[in-house]
There are 2 protein chains.
Amino acid sequence: MKELKSSVQKTFALLEYFTIQKPIWGVTELAEAIGSNKSTVYRFLADLCRLGVLYKDPVTEKYGLGLKLFELGGRVQLKSAFVDKTHPELIKVAVRITETVHIAVLKNHQVFYVDKVESPQGLKISSHIGSFNPAYATALGKTLLAFLPEEIKMQTIHTIMDLKKPIAFTQNTILNKTTLLKELAQIKAMGYGIDREEFEQGLICVAIPVFNQNNEVVASLSASGPANRFEEKKVADYVATLKKGANAIQHKIGFFKPW
Amino acid sequence: MKELKSSVQKTFALLEYFTIQKPIWGVTELAEAIGSNKSTVYRFLADLCRLGVLYKDPVTEKYGLGLKLFELGGRVQLKSAFVDKTHPELIKVAVRITETVHIAVLKNHQVFYVDKVESPQGLKISSHIGSFNPAYATALGKTLLAFLPEEIKMQTIHTIMDLKKPIAFTQNTILNKTTLLKELAQIKAMGYGIDREEFEQGLICVAIPVFNQNNEVVASLSASGPANRFEEKKVADYVATLKKGANAIQHKIGFFKPW
DNA sequence: AACGTTATTTCGTATTATGAAACAAAGATA
DNA sequence: TATCTTTGTTTCATAATACGAAATAACGTT
């Protein structure tokens, strides 16, 4: 690899090619995609296989992500101390609400999708666990921002709205800082946030904050559905159910805090 | 690090120190545990943090496993193409059976625990997702072995019983190859396997095979509970419920095969 | 049988990693 | 408040690993 990069960086850069959409690669194919010599890539692949980080199909000679990553992923505290505990509560909420339920945390001024439970009757939502979305344009994000401690909130909003130049996703996306601050104040007052097609056309999302037992906001919990199915009365019902879920979650996670 | 090892190996060796039991390390503490210079370890930690593989708590200056591993773990096909689909079925089984339900695959001649759902009424089982256990001494393992294609089965049993010298976990552990082969024949005939305190004192486990839509055995599904609660009648009921679960799983996983 | 493609190995050279030492920062102690 | 101790962070000469061109092996296609 003709770049000034540590081997650690190269290793994880290589692992990035193994996606949900394309989970399987051959040596030459991957070398071409990376722009590296195939003997270099071959050695990385061989090393990673020995460690169980990748596996090699003996028949096709193609490589895929291995059990070691599955196991390491399970040791991340977000998984072992949070998702494993909250997942059953998401299921209960999804059963009652019959829409897709998500839980997310704030990371790098964005929402990071941590888990979701789809309802058979619910709309298929394109969100992807393990991915980021803009905090300012999602119910999950706005709700997380709204309940942050005041100083952290102002710093974060400054970063998002002034330094990082927000973009519009739909006509409804809030791009003005003052407008966003008013919106967050309203979310704080009402105890829940709504994304009215601000991030995705045709999609409405209702979110409420999730606190730990130190009363720190650690996540947000939401229900998403098509715009034509969200009536005012339903919103109140959803909020009530989400709050029950959030209370149960608070009991289960103790003082857990995703840094 | 004074060893002849690639940086890839060193990287994953370092990540191994971040366990469920001890998820958080400081620079010097980790360097001492590894037996490496703290400036070397510091650079690895810094690199891994920039990649999101680790995170650093800004207050305590300690390190923990980061979101990137959570996300990579979610991209492993065993997770995205299997666990995500089978988990709801495990829940349904656990609700009916009111014991702990596990699903495992065969890897390196051992059972690899992939998922589990505990029942509130169930005994707390010490199994750990992402860990291995001996195939010859567990219901999950014996059942997987029993339903393997004949040639692969004989090879695998040769490896386990002749080359790897099995050890006893309890007085009931099967150590004789001929005895094990008879046991597997019986499991094949009955369609389910039982571990009668062969792996853990006081614990009985019933497992059935899970097939994909190519009729290849890809996993096994089990219910575990204390020995004093397992009566003959209950076994038949459990097997029936587990079979329903396995059928539902077969429908959901298509031709998926954990390599 | 010949050809094309991909996987795998070799070895001289290029690049990265190491660790001792020094410095910075912060908490503990007198 | 000053001093000491411990941990985190940085520097740089040296040691070790990584690289890639070329060759070989393996396998599928024609």
Side-chain angles (χ1 to χ4, degrees), chain A residues 1-19 21-66 68 77 257 259, chain B residues 1-19 21-66 68 77 151-152 257 259:
Chain A
M1 291 149 168
K2 297 185 186 74
E3 298 170 72
L4 294 172
K5 253 165 125 169
S6 73
S7 287
V8 172
Q9 288 173 298
K10 293 170 189 169
T11 300
F12 284 94
L14 183 148
L15 293 176
E16 280 310 301
Y17 284 85
F18 296 86
T19 61
Q21 295 79 19
K22 187 171 173 60
I24 303 297
W25 292 79
V27 179
T28 302
E29 182 184 32
L30 184 59
E32 282 167 1
I34 292 178
S36 241
N37 192 281
K38 63 185 178 174
S39 50
T40 302
V41 170
Y42 181 83
R43 271 191 302 269
F44 267 95
L45 293 174
D47 237 359
L48 291 163
C49 278
R50 276 191 290 279
L51 297 165
V53 174
L54 293 178
Y55 77 91
K56 176 181 180 182
D57 185 310
V59 174
T60 63
E61 300 193 312
K62 308 285 193 202
Y63 296 79
L65 296 179
K68 176 55 66 176
Q77 285 194 294
K257 182 175 183 178
W259 56 85
Chain B
M1 290 149 168
K2 300 183 185 74
E3 297 171 72
L4 295 171
K5 255 166 124 167
S6 73
S7 287
V8 172
Q9 288 174 296
K10 292 168 188 170
T11 299
F12 284 94
L14 184 147
L15 293 177
E16 280 309 300
Y17 284 86
F18 294 85
T19 62
Q21 295 78 19
K22 188 171 173 58
I24 302 297
W25 292 81
V27 178
T28 302
E29 182 184 28
L30 184 57
E32 281 168 2
I34 291 176
S36 241
N37 193 280
K38 64 185 177 173
S39 49
T40 302
V41 170
Y42 180 83
R43 270 190 304 267
F44 267 95
L45 293 173
D47 237 0
L48 290 164
C49 279
R50 276 192 290 278
L51 297 166
V53 174
L54 293 177
Y55 76 91
K56 176 181 178 182
D57 185 310
V59 173
T60 63
E61 299 191 312
K62 308 287 193 200
Y63 295 80
L65 296 179
K68 177 54 66 177
Q77 284 194 293
E151 194 177 317
I152 301 174
K257 184 175 182 177
W259 54 86

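- Of the candidate nucleotides dA22(C), dC19(D), dT8(C), dA22(C) has the atom lying nearest to any side-chain atom of K38(B).
- One interatomic measurement links the two molecules: OH of Y42(A) to P of dA25(D), which rounds to 14 Å at whole-angstrom precision.
- Residues Q77(B) and Y55(A) meet the side-chain proximity criterion, which asks for heavy atoms closer than 4.5 Å.
- Regarding Q9(A), its CD atom lies at a distance of 19 Å from the P atom of dT17(D), rounded to whole Å.
- When side chains are defined from C-beta on, L54(A) counts as touching F18(A), because their heavy atoms get closer than 4.5 Å.
- Below the 3.5 angstrom threshold, one finds no donor paired with an acceptor across the side chain of T28(B) and the base of dG8(D).
- The number of heavy-atom neighbours closer than 6.0 Å to NZ of K56(B), taken from other residues, nucleotides and ligands shown, is above 12.
- K62(A) is listed as a side-chain neighbour of I24(A), based on a closest heavy-atom distance under 4.5 Å.
- Distance from the side chain of T40(B) is smallest for dT18(C) among the nucleotides dT9(D), dT18(C), dC19(D).
- For K56(A) and dT6(C), the NZ to P distance is 15 Å, given to the nearest whole Å.
- The CZ atom of R43(B) sits 11 Å away from the P atom of dT11(D) (whole-angstrom rounding).
- When heavy atoms are screened at a 4.0 angstrom cut-off, K62(A) is found touching no nucleic acid atom at all.
- Rounded to whole Å, atom P of dT6(D) lies 17 Å from atom CD of E61(B).
- We find that CG of D57(A) is positioned 14 Å from P of dC27(D), with the value rounded to whole Å.
- Projected onto DNA chain C by closest heavy-atom contact, E32(A) and S7(A) fall at different nucleotides, the more 5' of which corresponds to E32(A).
- Distance N37(A) CG to dT10(C) P: 16 Å, rounded to the nearest Å.
- No hydrogens or angles were tested; on distance alone, nothing pairs the side chain of S6(B) with the base of dA18(D) as donor and acceptor under 3.5 Å.
- Taking 4.5 Å as the limit, every side-chain heavy atom of D47(A) sits out of range of all side-chain heavy atoms of T11(A).
- Atom CG in D47(A) sits about 7 Å away from atom P in dA18(D), given to the nearest Å.
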